There are 2 protein chains.
Amino acid sequence: MAVTGRPRGFDTDQALDAAVDVFWRRGYDGASVSELTAAMGIKPPSLYATYGDKAQLFQAALRRYVERNMGYVTDALAQPTARGVAEAFLTGNALAVTMPGSPAGCLSVQAAVATEGSTQLALLTENRTRIQSLFADRFRRSVERGDLPADEDPDELAAFLITVTSGFAIRAADGAPREVLLAMARRAMVNFPGEHSALSPTDHRPTDPKEPTHA
Amino acid sequence: MAVTGRPRGFDTDQALDAAVDVFWRRGYDGASVSELTAAMGIKPPSLYATYGDKAQLFQAALRRYVERNMGYVTDALAQPTARGVAEAFLTGNALAVTMPGSPAGCLSVQAAVATEGSTQLALLTENRTRIQSLFADRFRRSVERGDLPADEDPDELAAFLITVTSGFAIRAADGAPREVLLAMARRAMVNFPGEHSALSPTDHRPTDPKEPTHA
DNA sequence: TGACTTATGTAGTGATCACTAAGAAAGTAG
DNA sequence: CTACTTTCTTAGTGATCACTACATAAGTCA
């Protein structure tokens, strides 16, 4: 890019990783520029010259976080059956929000809380909504292929998954251990339509075939 | 108590309600003292003389919030069956976090802004943990009475409920409508052990925000 | 070499943060 | 009335916020 001028004295990707970590632990408002620059190993002018401002740095950090820490979403969407999709998503999320060496919880949830009226809140809500629609589309295809019963609502199933994983993020930040979240992932899967896999240890109880409460 | 001196020029409970609203919408760190005093209709010295400091005001606001907006917890715990407890809790929470006239979501979740290492974060985590243990104890009694299968883990069931409602809070703050959360409450109940009740799926409880619900 | 370009460190900017000193205001008690 | 107590308003405190002006450092190119 710049063929001339003083070369940059730090690695932009490495610094962005440090910013991700700070935003992850502290949220958007909680992460001060001085804390960010300290973690990134640079001074404020370098931050602003490279990334724009705090909001743009956060957006870059969020993109990088999605790339590096939410790969389980793509993996889940690629599963062959709707149940497999849901199972992989819940399990992958439970693992991701309790990953040793990373802050507990999810950057997207941690940073969103308590910033009403902020542009960043809209960004994060949009991120969750986008992921939810990816799952809804995936489940719609499953209905078309007969992989899901026709009376199941793909949007409701997707909303259920996003809601459960949002709860995982909160509970992980509260300190819930990984095995507790995994147990809840299994429990949440009990009522998910489709063939139950042989791995589910909560299948010792007969599950009612159909949702009995519907208007 | 003060029989002498200049009388206080504002209503402390009314001002506290205004503080609850600000903390609910903005979180702990996001709520500035100037925004709080503006909403409460008082000046900073009155705030500090009456409530101590911002942290103590928040704690008082949290207590008041629990009293006035989490009565559904007490109501749920009083239900005769374990399933009824879970059903009332999920439904009550779904209604509470989407109450017209109140901020969407839950103060306890919204305020837990990623202030890692903050005393307020510990307070809120503790609040959730305490509620979870109330449900766990309730389910333990159900197991003893045969109301729940003996192979069900009361702690896991309680954790499941808290996780789902934590997700409700996030999704409500994202703008999820009430009926979507109620649908997910019904779905989450499908895998809850016990006899399925003839629950009417649309519980038309009045949406009066002034309902006094403390035990 | 010296002109040019870009990045860097120093040292701030005004705004806002939580919080408070000081004294006037408003009540009761004698 | 004067004393006393408490709350009020005014006007700040130092600290930190996101952000930047400015000069210098460090590279390329003639």
Side-chain angles (χ1 to χ4, degrees), chain A residues 1-16 18-23 25-62 111 114-121 123, chain B residues 1-16 18-20 22-23 25-62 111 113-121 123:
Chain A
M1 192 72 68
V3 66
T4 179
R6 176 174 174 172
R8 183 174 282 121
F10 64 98
D11 183 87
T12 57
D13 286 338
Q14 199 171 321
L16 188 55
V20 167
D21 185 74
V22 174
F23 281 126
R25 286 184 292 104
R26 310 275 287 171
Y28 179 74
D29 287 329
S32 69
V33 171
S34 52
E35 187 177 3
L36 286 164
T37 54
M40 299 165 83
I42 61 178
K43 300 288 163 60
S46 297
L47 189 155
Y48 285 90
T50 305
Y51 303 98
D53 58 7
K54 184 184 173 184
Q56 289 176 271
L57 172 64
F58 176 73
Q59 289 161 24
L62 178 61
T115 44
E116 188 191 66
S118 161
T119 56
Q120 310 308 320
L121 177 61
L123 190 72
Chain B
M1 46 176 169
V3 66
T4 178
R6 177 174 175 171
R8 181 175 283 122
F10 64 98
D11 184 87
T12 57
D13 287 337
Q14 198 171 322
L16 188 55
V20 167
V22 174
F23 281 126
R25 287 184 294 104
R26 310 274 290 171
Y28 178 73
D29 286 329
S32 69
V33 170
S34 52
E35 187 177 2
L36 285 164
T37 53
M40 299 165 82
I42 60 177
K43 299 288 163 61
S46 297
L47 187 156
Y48 285 90
T50 305
Y51 303 98
D53 58 8
K54 184 183 172 183
Q56 290 175 270
L57 172 62
F58 176 73
Q59 289 160 26
L62 178 62
V113 191
T115 48
E116 191 183 65
S118 161
T119 56
Q120 309 309 321
L121 177 62
L123 190 72

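Proteins get letters first, then strands, A, B, ... in listed order; numbering begins at 1 in each. The shown structure was predicted, so the numbers you read here are calculated from the model rather than taken from an experiment.
Following rounding to the nearest Å, B:Leu47 (CG) and C:dC17 (P) show an atom-to-atom distance of 14 Å. Per the geometry, CG belonging to A:Asp11 stands 14 Å off P belonging to C:dA7, to the nearest Å. C:dG9 atom P lies 9 Å from atom CZ of A:Phe10, rounded to whole Å.
Near DNA chain D, meaning a heavy atom under 4.0 Å away, the residues from residues 37-46 of chain B are B:Lys43, B:Pro45, B:Ser46. DNA chain C is contacted by B:Tyr48, B:Asp53, B:Lys54 of residues 48-58 of chain B, taking any non-hydrogen atom closer than 4.0 Å.
Atom CD of B:Gln14 sits in a sparse spot, with 12 or fewer heavy atoms from other residues, nucleotides or ligands closer than 6.0 Å.
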What verdict does the side-chain contact (heavy atoms from CB on, under 4.5 Å) test give for A:Tyr51 and A:Met40, after you've listed the backbone C-alpha separation in whole Å, the side-chain angles of each residue and the deciding distance to 0.1 Å? CA-CA 12 Å; A:Tyr51 303 98; A:Met40 299 165 83; 3.6 Å; yes
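Within the structure, a side-chain polar atom (N or O) of B:Ser34 is placed less than 4.0 Å from OP1 or OP2 of C:dC17.
Cation-pi geometry between B:Lys54 and B:Tyr28 is satisfied (NZ or CZ under 6.0 Å from the ring centre, within 45° of the ring normal).
Where B:Ala31 and A:Arg8 each meet DNA chain C at their nearest nucleotide, the meeting point lying more 5' is that of A:Arg8.
Atoms CG and CG, from B:Leu16 and B:Leu57 in turn, are 6.5 Å apart once rounded to the nearest 0.5 Å.
Listed by chain and residue number, A:Phe10, A:Thr12, A:Thr50 satisfy the side chain to side chain contact (heavy atoms under 4.5 Å, CB included) test with A:Arg8 (two or more places apart in sequence, or in another chain). Evaluation of the side chain to side chain donor-acceptor pair (under 3.5 Å) rule for A:Ser32 yields A:Ser34 as partners, not counting sequence neighbours.
Minimum interatomic distance between B:Ala31 and B:Val22 (heavy atoms only, all atoms of both residues): CB-CG1, 3.7 Å. Closest of all the heavy-atom pairs between A:Ala18 and A:Ala39 is CB-O, 3.4 Å.
Residue pairs meeting the salt bridge (Lys or Arg N to Asp or Glu O under 4.0 Å) criterion with at least one partner in residues 30-53 of chain A, sequence neighbours excluded, are A:Arg26-A:Glu35.
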For every nucleotide of nucleotides 25-30 of chain C, 5' to 3': is a protein heavy atom under 4.0 Å from its base (B), only from its sugar-phosphate (S), or from neither (-)? BBBS--
